[in-house]
Amino acid sequence: MKLNPSLMGLYQLLLDTYGPQNWWPVDHLYHREHKTDPKDEIIIGAVLTQNTLWSRVEIALDRLKRMGELSLNFVRKCPSEILEEIVKPVGFYRQKVRTLKALAELLEKVREPNYEDLIKLKGIGPETACVILLYAFHQPTFVIDKYTLRILQRLYGLKLTPKKAKKFMEEHLPKDVGIYKEYHALLDQHAKKFCKSTPLCGGCPAATYCLSANPSF
DNA sequence: TGCCAGGTGAAAG
DNA sequence: CTTTCACATGGC
């Protein structure tokens, strides 16, 4: 077993393996044609994707485009009951609509929210808040999800709380929004391909560096 | 057929 | 502080 790679080493490995993920996906053509804010798509997607497959979110985003408008302004003016029907495929749709309404309200008053503003809203936790700040507002805040925690534990033997993990990532990486965006996406991809609940260590690109794939160490 | 997916919040032990 | 549960839908 080789030495554990640095976080940047792991980043390079994942980038070489999977290629750029280019998160967050945005339909720029749509927003150009409808004169809507691409930011809104990221914010709406961030809430809708909570504990749900992205493929479900895409269905809901398409339905918003067809049945209304993919914008926070539409979220604001559309009655909750209608909005709930539109985004129903994502699951947890009642609470997600409630959250979207509150978010749209906040962002009508506050041009650029901070972490505290967001986390106060029911339905916005640490991860969704960081996703919005990083991908919509380009603030250098590292997004921690359960995949990040799992990979840190398996690779390095680190059992961290989300707060500690965030601190760890930010202390060991250049404060670079581009890297933060891409790294989170790559970790997500890696967790889906190999570092699943029951890991597929055979063929895993990080196996030679990973504690978990080398029981003898 | 039960488990899980780009979480969060409330309540209990 | 940690475990557990509800929140909901649909694919595998």
Side-chain angles (χ1 to χ4, degrees), chain A residues 11 14-15 18-27 39-64 67 70 80-106 113 115-137 139 141-154 158-166 169 177 179-200:
Chain A
Y11 177 74
L14 296 177
L15 191 58
Y18 302 111
Q21 305 297 300
N22 296 311
W23 277 18
W24 197 275
V26 171
D27 186 347
K39 235 197 287 63
D40 290 8
E41 178 171 357
I42 298 170
I43 292 162
I44 291 167
V47 172
L48 294 185
T49 197
Q50 291 173 350
N51 203 51
T52 305
L53 296 167
W54 181 253
S55 54
R56 308 258 96 226
V57 177
E58 287 183 316
I59 294 169
L61 295 178
D62 283 340
R63 292 174 64 162
L64 273 170
M67 303 165 79
L70 184 45
S80 294
E81 303 73 45
I82 308 293
L83 206 48
E84 286 169 3
E85 287 306 311
I86 296 175
V87 306
K88 185 170 279 193
V90 301
F92 303 131
Y93 57 91
R94 275 185 276 265
Q95 54 183 43
K96 284 175 182 175
V97 163
R98 178 163 36 77
T99 303
L100 284 174
K101 286 278 187 186
L103 243 185
E105 194 70 25
L106 169 69
Y115 183 79
E116 282 67 38
D117 293 330
L118 294 171
I119 206 98
K120 275 181 201 153
L121 304 180
K122 189 171 293 183
I124 306 283
E127 181 175 345
T128 307
C130 287
V131 164
I132 291 172
L133 293 175
L134 177 61
Y135 291 102
F137 293 98
Q139 293 181 22
T141 177
F142 202 93
V143 177
I144 302 297
D145 60 4
K146 57 183 166 189
Y147 296 149
T148 312
L149 299 177
R150 180 197 290 166
I151 291 170
L152 286 178
Q153 166 146 25
R154 295 226 177 112
L158 295 171
K159 302 178 287 289
L160 302 176
T161 61
K163 201 172 173 180
K164 291 271 186 74
K166 178 174 161 60
M169 297 303 288
V177 172
I179 291 176
Y180 284 14
K181 288 181 181 178
E182 193 56 46
Y183 208 153
H184 172 65
L186 286 166
L187 289 171
D188 187 277
Q189 179 70 2
H190 183 56
K192 283 175 181 161
K193 292 283 186 182
F194 290 100
C195 212
K196 307 180 173 202
S197 305
T198 53
L200 306 174

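The structure displayed is predicted, hence computed values, not measured ones. All chains are named by letter (A, B, ...) in the order of the sequence lines, taking the proteins before the strands, and each is independently numbered beginning at 1. The analysis underlying the following values was restricted to heavy atoms, covering all of them including side chains, and did not include hydrogens, waters or symmetry mates.
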Flag side-chain contact, heavy atom, 4.5 Å: [X] against [Y]:
X	Y	result
V143(A)	Y180(A)	no
P25(A)	E41(A)	no
I144(A)	L149(A)	yes
I43(A)	F137(A)	yes

With sequence neighbours excluded, what pairs up with Y18(A) under the ring-ring contact (aromatic ring centres under 6.0 Å, His included) test?
H190(A)
Is F92(A) touching bases, backbone alone, or none of the nucleic acid, heavy atoms closer than 4.0 Å?
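The answer is base, as F92(A) lies within the cut-off (heavy atoms under 4.0 Å) of a base atom.
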What contact category does K192(A) fall into here, base, sugar-phosphate, or nothing, at under 4.0 angstrom with non-hydrogen atoms?
base
dA10(B) versus dA8(C) - spacing of their P atoms, nearest Å
14 Å
Gap in Å between the two P atoms, one belonging to dT4(C) and one to dC3(B), rounded
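After rounding to an integer number of Å, I get 15 Å for this pair.
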May I have the distance from [X] (atom [atom1]) to [N] (atom [atom2]), rounded to whole angstrom?
X	N	atom1	atom2	answer
K196(A)	dC4(B)	NZ	C1'	11 Å
N51(A)	dG7(B)	CG	P	6 Å
L53(A)	dC4(B)	CG	C1'	8 Å
I132(A)	dG7(B)	CD1	P	14 Å
L48(A)	dA5(B)	CG	P	18 Å

Using a 3.5 Å cut-off and no angle test, enumerate the donor-acceptor pairs between side-chain atoms of residues 118-134 of chain A and protein atoms at least two apart in sequence or in another chain.
{"residue": "T128(A)", "atom": "OG1", "partner": "Q50(A)", "partner atom": "NE2", "Å": "2.8"}

Set of residues satisfying side-chain hydrogen bond (donor to acceptor under 3.5 Å, both in side chains) with respect to [X], sequence neighbours excluded:
X	value
K166(A)	T141(A), E170(A)
N51(A)	none
Q139(A)	E112(A)

Who pairs with K181(A) by salt bridge (charged side-chain N to carboxylate O under 4.0 Å, His left out), at least two apart in sequence or on another chain?
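For K181(A) there are no salt bridge (charged side-chain N to carboxylate O under 4.0 Å, His left out) partners, ignoring immediate neighbours.
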Scoring nucleotides 8-13 of chain B by protein non-hydrogen atoms under 4.0 Å (B base, S sugar-phosphate only, - none) yields SSS---
Which dot-bracket notation, 5' to 3', represents the base pairing of DNA chain C when pairs are defined as Watson-Crick or G-U with both distances under 3.5 Å, crossing pairs as [ ], and inter-strand pairs as |?
|||||||.||||
Assign the ring pair H184(A) / F142(A) to parallel, tilted or perpendicular, where the plane angle (0 to 90°) is split at 30° and 60°.
perpendicular
Which parts of residues 182-191 of chain A get close to DNA chain C, meaning a heavy atom less than 4.0 angstrom away?
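Nucleic-acid contacts, sorted: none.
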The criterion is side chain to side chain contact (heavy atoms under 4.5 Å, CB included); which residues satisfy it with L15(A), sequence neighbours excluded?
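Partners of L15(A) under the side chain to side chain contact (heavy atoms under 4.5 Å, CB included) test: Y11(A), Q12(A), P20(A), E182(A), L186(A).
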Got a donor-acceptor contact below 3.5 angstrom from the K96(A) side chain to the L48(A) backbone?
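Confirmed, K96(A) side chain pairs with L48(A) backbone.
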Which pairs of donor and acceptor atoms, one on a side chain in residues 84-94 of chain A, lie under 3.5 Å apart (sequence neighbours left out)?
{"residue": "E85(A)", "atom": "OE2", "partner": "K88(A)", "partner atom": "NZ", "Å": "3.2"}

So where does chain A start and stop touching DNA chain C, 5' to 3', when the test is distance under 4.0 Å to a non-hydrogen atom?
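Here the contact window of chain A covers dC7(C) to dG11(C).
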